[in-house]
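Data first, discussion second: the structure below is written as structure tokens.
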Amino acid sequence: MQAWRVHRNGEPREVMRLDEVEPPVPGEGQVLLRVLAANVNFPDALLCRGHYQVRPSLPFTPGIEICGETPDGRRVIATLEPGASSGGFAEYVAVDAAGVLPAPGALDDAETAALHIGYQTGWFALHRRARLQPGETLLVHAAAGGVGSAAVQLGKAAGATVIGVVGGPDKARVARELGCDTVIDRRTEDIAAAVKEATGGRGADVVFDPVGGDAYTASARCVAFEGRIVVVGFAGGEVPAPALNHALVKNYAILGLHWGLYTTKDPAAVLRCHDELTALAARGAIKPLISERVPMKAAADAVQRVADGVTTGRIVVVPGTAQDTAPDAVPEGSTTR
């Protein structure tokens, strides 16, 4: 079978190689899945660079989130350990059977592959950590990105007013199509001032921040009284150092979210969340934003572009796509909402 493997650490486009390998052999408690679609996540790039908290042995296959088909023909969702030798950018993977979830019938293969990590992260951030309430104002950084777009849709589904922060007019258009009530272009506008203007001076009740750095600084300036800032990640590359005296004086909370901990600390909550997400998808309240579907041979380029931060929504690798298709992006404008 074909599988992308990383033989040395570096930039994804330089170190990922499409190899012919033997299909994985499932171990005890595992099931072999045919990969229908594999979502590209930022950790895939970090794994290639050797910057992820786990540094797998070389060579390894990246790809941590897939939609697959079981031997008996069922469509399922599966997540893989980052850096596992049997990763998602391959034609077949072996996964723990206990972690396999049913694919929502309302979503196609690519949308299903992009559902689990991003939407679980958004749901736990907004509902479990921040306790978002109907009528509150939600500020989402990187609103046109993979995780940010999920938070926008989940915020709207929860009855919140959503303010999206993006970089550039193209991403601003995507954020509006996703349903943002107000869109702020961080390249041309002062985020804190724009949020205060949009909220009549009150500020945002909940902030969803997967960026860090300047985004967090702006959030602290415009969070409302008794507001909640949920720190989800540091895609901007800078880990902020919050001024706790400022949180005390303004009466707001700083909350962290490491979604992966729930898979071991409270796996029942992950299952309940999946049921909720499946129901939301069935009624059309959420739908992963797939901006590109690419063939297997274009996976390295896709991971590189996610690493460079030049994409919107999700790029999904679809092994079944004709291999003689040019490796250029295939826009999926009809999937934006």
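Note: hydrogens, waters and symmetry copies are ignored here, and every other heavy atom, side chains too, is used. Fair warning: this is a prediction, and the values are worked out from it, not measured in the lab.
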Within-4.5 Å side-chain heavy-atom neighbours: [X] and [Y]:
X	Y	value
Phe89	Val303	yes
Leu33	Ile66	yes
Asp109	Cys67	yes
His127	Glu276	no
Ile77	Pro104	yes
Leu58	Phe60	yes
Val195	Leu139	yes
Arg128	Val230	no

Under 3.5 Å, is there a donor-acceptor pair between the side chain of [X] and the main chain of [Y]?
X	Y	answer
Arg228	Ala130	yes
Glu65	Ile117	yes
Asp209	Val211	yes
Glu136	Val206	no
Gln304	Arg13	yes
Asn9	Cys48	yes
Arg34	Thr70	no
Asp205	Thr137	yes
Thr61	Trp4	yes

As a test of understanding, state which of Thr121, Leu277, Val270 forms a side chain to side chain contact (heavy atoms under 4.5 Å, CB included) with His116.
Val270
Identify the residue among Thr79, Leu80, Val76, Leu32 that makes a side chain to side chain contact (heavy atoms under 4.5 Å, CB included) with Val95.
Leu80
Determine whether the side chains of Gln153 and Tyr119 contain a donor N or O and an acceptor N or O closer than 3.5 Å.
yes
Would you say the side-chain atoms of Gln2 and Asp19 include a donor-acceptor pair closer than 3.5 Å?
no
Nearest heavy-atom pair of [X] and [Y]: which atoms, and what distance?
X	Y	result
Ala157	Arg283	O-NH2, 4.2 Å
Ala302	Val294	CB-CG2, 4.3 Å
Gly155	Leu132	CA-CD2, 4.2 Å
Asn39	Ala113	CB-O, 3.2 Å

Within a reach of under 6.0 Å around CG of Asp214, are more than 12 heavy atoms found that belong to other residues, nucleotides or ligands?
no
If you draw a 6.0 Å radius around CD in Glu197, do more than 12 non-hydrogen atoms from other residues or ligands fall strictly inside?
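Open.
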Are the charged groups of [X] and [Y] less than 4.0 angstrom apart, N to O?
X	Y	value
Glu111	Lys287	yes
Arg314	Glu292	no
Asp190	Arg221	yes
Asp108	Arg293	yes
Arg49	Glu11	yes
Lys171	Asp185	no

Please confirm whether the ring centroid of His141 lies under 6.0 Å from the ring centroid of Tyr216.
no
When clusters are formed by joining ILVMFWY residues with side-chain heavy atoms under 4.5 Å apart, either directly or through shared neighbours, do [X] and [Y] land in the same one?
X	Y	result
Ile290	Leu36	no
Val35	Val21	no
Leu138	Leu255	yes

With sequence neighbours excluded, give me every salt bridge (charged side-chain N to carboxylate O under 4.0 Å, His left out) pair touching residues 35-47.
none
Gln30: which residues meet the side-chain hydrogen bond (donor to acceptor under 3.5 Å, both in side chains) condition with it, sequence neighbours left out?
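With sequence neighbours excluded, Gln30 shows a side-chain hydrogen bond (donor to acceptor under 3.5 Å, both in side chains) to no residue whatsoever.
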Can you list the steps and then say if Trp123 with His274 is a ring pair (Phe, Tyr, Trp, His ring centres under 6.0 Å)?
CA-CA 10 Å; Trp123 193 93; His274 182 66; over 10 Å; no
Under the criterion ring pair (Phe, Tyr, Trp, His ring centres under 6.0 Å), I'd like the reasoning laid out for Phe225 against Tyr252: C-alpha separation, chi angles, the key distance, then a yes or no.
CA-CA 6 Å; Phe225 171 73; Tyr252 63 87; over 10 Å; no
